[in-house]
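Everything numeric in this text was worked out from a predicted model, so none of it was measured. Numbering of ligands and ligand atoms starts at 1, following listing order.
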Amino acid sequence: MSQQTTREIINGIRGTKTVPGVCMICPWHCPTENFVKDGRIEYVRGNEYAANRTTRCVKGISSIHSSRDKDRLLYPMKRNSAGVHERISWDQALTEIAGRLKKIKDEFGPESLVSLFHLDSNEMFTHQLFGHLYGSPNLSGHGAACDQDRRLAALSTFAHPLPVKDYANSRFVMLWGADPFGPNEALHENRELLEAMKRGCRLIVVDPNRSRTAEKAHIWLPIKPGTDGALALAIAHRIVETQSYDKSFCDEWVHGLAEFSEHVLSNGYTPQWAEGITGIAKETIIAVADEFAATKPALMDGLKGLVNYTTGLDALRTVFALNVITGNIDGPGNLILKEMSPLGFPLEIPEEEATIPEKPPIAYGMGYPLAPDLPTQLLPKAVLEDDPYPVKALFFHVCNPAMSDPNTRLFEKMMAAVELSVTVDIYMSETAQLSEYVLPEASTYERAEVRESMWAGPQTVLAQPAIAPLGESRPYYEIIKGLAEKMGYGAYFAWDSWEDWARTCTAYLPVPYEELKEKGVWEGELRYRKYNTDGVPTSTGKFEVYSTMFEEMGYHPLPVFNEEHRVKPDADYPFQLVNCKMQYHCGTHTQNNPYLMAIVGENYVEINSLDAARLDVREGDLVEVASPHARATIRVRTSEAVQPGVARVPHGHGFGRRFGSIARGRGTHINPLFETRANPVSGGISFNECKVKITKA
Ligand SMILES: Nc1nc2c(c(=O)[nH]1)N[C@H]1C(S)=C(S)[C@@H](COP(=O)(O)OP(=O)(O)OC[C@H]3O[C@@H](n4cnc5c(=O)[nH]c(N)nc54)[C@H](O)[C@@H]3O)O[C@H]1N2
Ligand SMILES: Nc1nc2c(c(=O)[nH]1)N[C@H]1C(S)=C(S)[C@@H](COP(=O)(O)OP(=O)(O)OC[C@H]3O[C@@H](n4cnc5c(=O)[nH]c(N)nc54)[C@H](O)[C@@H]3O)O[C@H]1N2
Ligand code: SF4
Ligand SMILES: [Mo]
């Protein structure tokens with residue numbers, strides 16, 4: 001008898017059937033398995049054929065609630081003249097939206113539609129309908145709020161937007177402003193890092209706060225907020241001065257080492273200089289630089305703790321340059337330039353049917369030609385002032401910028417003024433509440449999805465509907481098909497079931513469709529050092545520590561430490577407000593989840609106990625946090641993990657009128673405190689550039 005799989009054993013015991021799925025809670029998109037009985041999800045876990053294996057984090061497992069949540073959106077709605085949302089039919093919703101979109105295109109051009117999404121869920125349908133056919137150049141992920149600066153730094157250095165980490169084979173890992181053992185738990189990566197550490201891999205963490213990851217680190221560098229760029233340049237200075245870079249790798253594969261070296265030496269970016277800025281002793285900087293240069297394989301990476309400052313883009317460029325000049329790129333134990341699966345588009349649309357936009361993407365007109373994603377915090381300018389050109393229609397899918405963009409009051413003003421707004425969500429999110437039309441999507445448990453996931457090699461997930469959609473909710477591909485039909489493009493969406501387009505998308509994969517469907521995941525080979533066979537697609541054919549892309553666009557080709565745009569605490573606003581994620585929640589997805597809310601039901605501001613004593617506040621007290629822009633009342637946590645002078649807030653709760661019976665009224669929405677601030681090159685949102693004062697409420 002052949003050996004049973006664990007799926008078969010579980011199904012035997014529980015009387016269930018396994019339907020492969022995908023987790024939609026955080027950007028890691030772990031491949032999953034849903035165990036179904038009588039139209040109900042009984043049990044969920046990770047996909048045993050995928051790198052994450054059968055594991056899923058607490059947030060992912062708890063998301064089973066969204067397959068049953070009575071507070072979900074159940075039917076399409078439209079705002080009436082009194083500002084109240086009323087139930088309408090799908091036919092009315094799609095007919096009216098299609099008619100309005102056609103009118104807007106005729107009057108203002110296709111570029112006046114902006115379509116925004118996060119987590120990239122079945123967005124190939126958005127691209128076909130709103131991009132290719134309708135002709136808008138303004139379809140964008142919500143990356144300006146997320147990892148924009150990291151992506152631009154990676155594109156300019158590696159010509160690749162998304163390096164991932166091969167912790168498993170590493171001997172030296174240095175993380176800057178990233179907390180993988182805290183909130184950001186990509187499960188297989190964390191397991192690999194812990195195992196590597198057991199085998200002797202060193203972990204160095206740069207963070208003003210003693211994060212979960214800093215707690216586990218061999219060396220924690222408690223840096224002054226926003227100054228990582230200076231530390232990274234000082235490490236580069238030491239490596240250049242001691243010539244401890246990988247000379248033969250640089251000769252063959254690195255563009256600009258001479259200019260980079262001259263730059264760090266002549267500008268005096270010494271460890272001594274950095275000590276005064278960062279608060280990290282020069283001896284420590286030298287020791288870390290020497291250890292990094294001497295240990296192979298190594299990797300250095302950074303995330304939100306860098307991205308959230310105007311100094312973050314150049315800090316990340318320097319961090320990526322350090323990987324490159326030491327020969328630590330795309331090999332075992334390095335940052336890996338992830339190879340994507342060969343996925344096709346679901347529909348064939350002839351070239352002659354495409355609408356070619358006459359205007360460039362709006363980011364160009366806003367002055368951000370290198371922005372990987374649209375700087376959404378600047379959308380109000382386009383809608384309210386026609387700058388750089390009129391935007392008349394806003395379409396939101398799987399994102400909630402009313403909660404996640406800065407300057408919430410301005411966002412609300414924009415939503416009140418825009419001609420047409422449509423939100424597709426599974427809840428009545430804050431953005432949905434501000435939209436004219438609200439369309440209910442079927443949850444991830446009720447729909448199919450073909451997508452690339454985050455494992456270091458190519459990884460396709462074929463998620464399949466496990467249960468029927470709740471109420472009248474529909475999968476996104478059916479919503480877009482319905483809209484396309486009303487817009488006169490029905491012929492291109494002429495499939496009957498999701499399997500028709502799923503087969504088309506996955507036809508190039510080296511695995512039979514039936515096997516992919518059965519397993520739910522396909523993983524290709526994790527190829528290392530692909531530059532040896534494929535080259536590096538920069539204009540010089542090399543990894544660039546002197547960026548020709550920046551130079552061509554008139555930006556400094558080398559990273560600098562420029563504090564010109566930085567907001568620092570002062571006598572009136574003595575705290576730097578810094579953001580982080582909440583370990584047991586994700587973005588604004590999870591605040592109506594009873595299991596997660598039982599663990600943490602509201603957010604809070606963390607301050608050092610010395611500051612708390614000075615302000616005469618105790619753990620659990622309410623305080624008022626005021627920026628020059630707005631104020632918010634929030635509960636205090638006192639902590640030694642946060643430096644004096646720093647106030648740290650996890651994002652996602654609050655707004656006072658959050659959707660859902662469990663979420664409503666719990667926690668504090670902090671985004672009204674933030675002004676509209678953009679990194680001057682990437683257009684990314686600099687959330688941590690915020691000074692506040694704190695008083696007892
Ligand atoms: N549980 C959970 N997991 C998530 C998410 C979630 O909402 N919840 N969100 C997902 C998403 S969308 C993202 S983008 C990732 C983000 O993943 P991370 O970037 O790893 O998450 P953060 O909690 O924002 O961590 C930022 C860290 O930067 C530190 N920091 C603040 N200022 C500075 C500074 O000046 N310098 C340095 N070096 N560090 C600084 C903070 O103290 C904090 O520890 O997480 C993903 N995973
Ligand atoms: N103050 C502050 N603001 C931040 C951050 C911070 O650290 N601090 N972090 C920033 C970061 S890194 C990011 S990535 C952004 C995230 O911000 P957004 O891109 O706006 O994403 P979420 O907040 O996660 O919103 C997800 C929305 O999608 C809905 N949703 C969930 N599942 C589905 C589904 O299957 N279908 C549909 N149609 N909708 C679904 C949820 O109900 C929710 O309304 O926030 C940014 N904003
Ligand atoms: S790490 Fe993210 S994608 Fe994976 S199970 Fe947890 S929430 Fe879901
Ligand atoms: Mo993010």
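- If you look at A214 next to ligand 1, there are no close heavy atoms at all, none under 4.0 Å.
- On a distance-only criterion, L303 and ligand 1 share no N/O pair closer than 3.5 Å.
- Protein N/O/S atoms found under 2.8 Å from atom 4 (Fe) of ligand 3, listed by chain and residue number: C30 SG.
- Counting heavy atoms under 4.0 Å from ligand 1, residue C580 touches it through both backbone and side chain.
- Of all the heavy atoms of T227, none lies under 4.0 Å from any atom of ligand 1, so neither backbone nor side chain is involved.
- Each of R677, E564, E689 was scored for a side-chain hydrogen bond (donor to acceptor under 3.5 Å, both in side chains) with T310, with one residue passing: E689.
- The two residues N34 and I41 have their closest heavy-atom pair at CB-CD1, 4.2 Å.
- The side chain of C146, and not its backbone, has at least one atom closer than 4.0 Å to an atom of ligand 1 (non-hydrogen atoms only; side chain from C-beta on).
- Considering both main-chain and side-chain atoms, I223 never comes within under 3.5 Å of ligand 1 through any nitrogen or oxygen pair.
- Shown here are the side-chain hydrogen bond (donor to acceptor under 3.5 Å, both in side chains) partners of T668, two or more places apart in sequence or in another chain: there are none.
- Test R637, R666, R635 against E602 for salt bridge (charged side-chain N to carboxylate O under 4.0 Å, His left out) and you get one pass: R635.
- Distances from ligand 1 to the non-hydrogen atoms of V206 include at least one value under 4.0 Å.
- Of all atoms in ligand 1, numbered sequentially from 1 with element shown, those under 4.0 Å from a heavy atom of P183 are 1 (N), 2 (C), 3 (N), 4 (C), 23 (O).
- Of all atoms in ligand 1, listed by their number and element, those nearer than 4.0 Å to a heavy atom of M582 are 1 (N), 2 (C), 8 (N).
- Using a 4.0 Å cut-off between heavy atoms, Q583 contacts ligand 1 through its backbone alone, with no side-chain atom that close.
- Look at G182 and you'll find every heavy atom at least 4.0 Å from all atoms of ligand 1.
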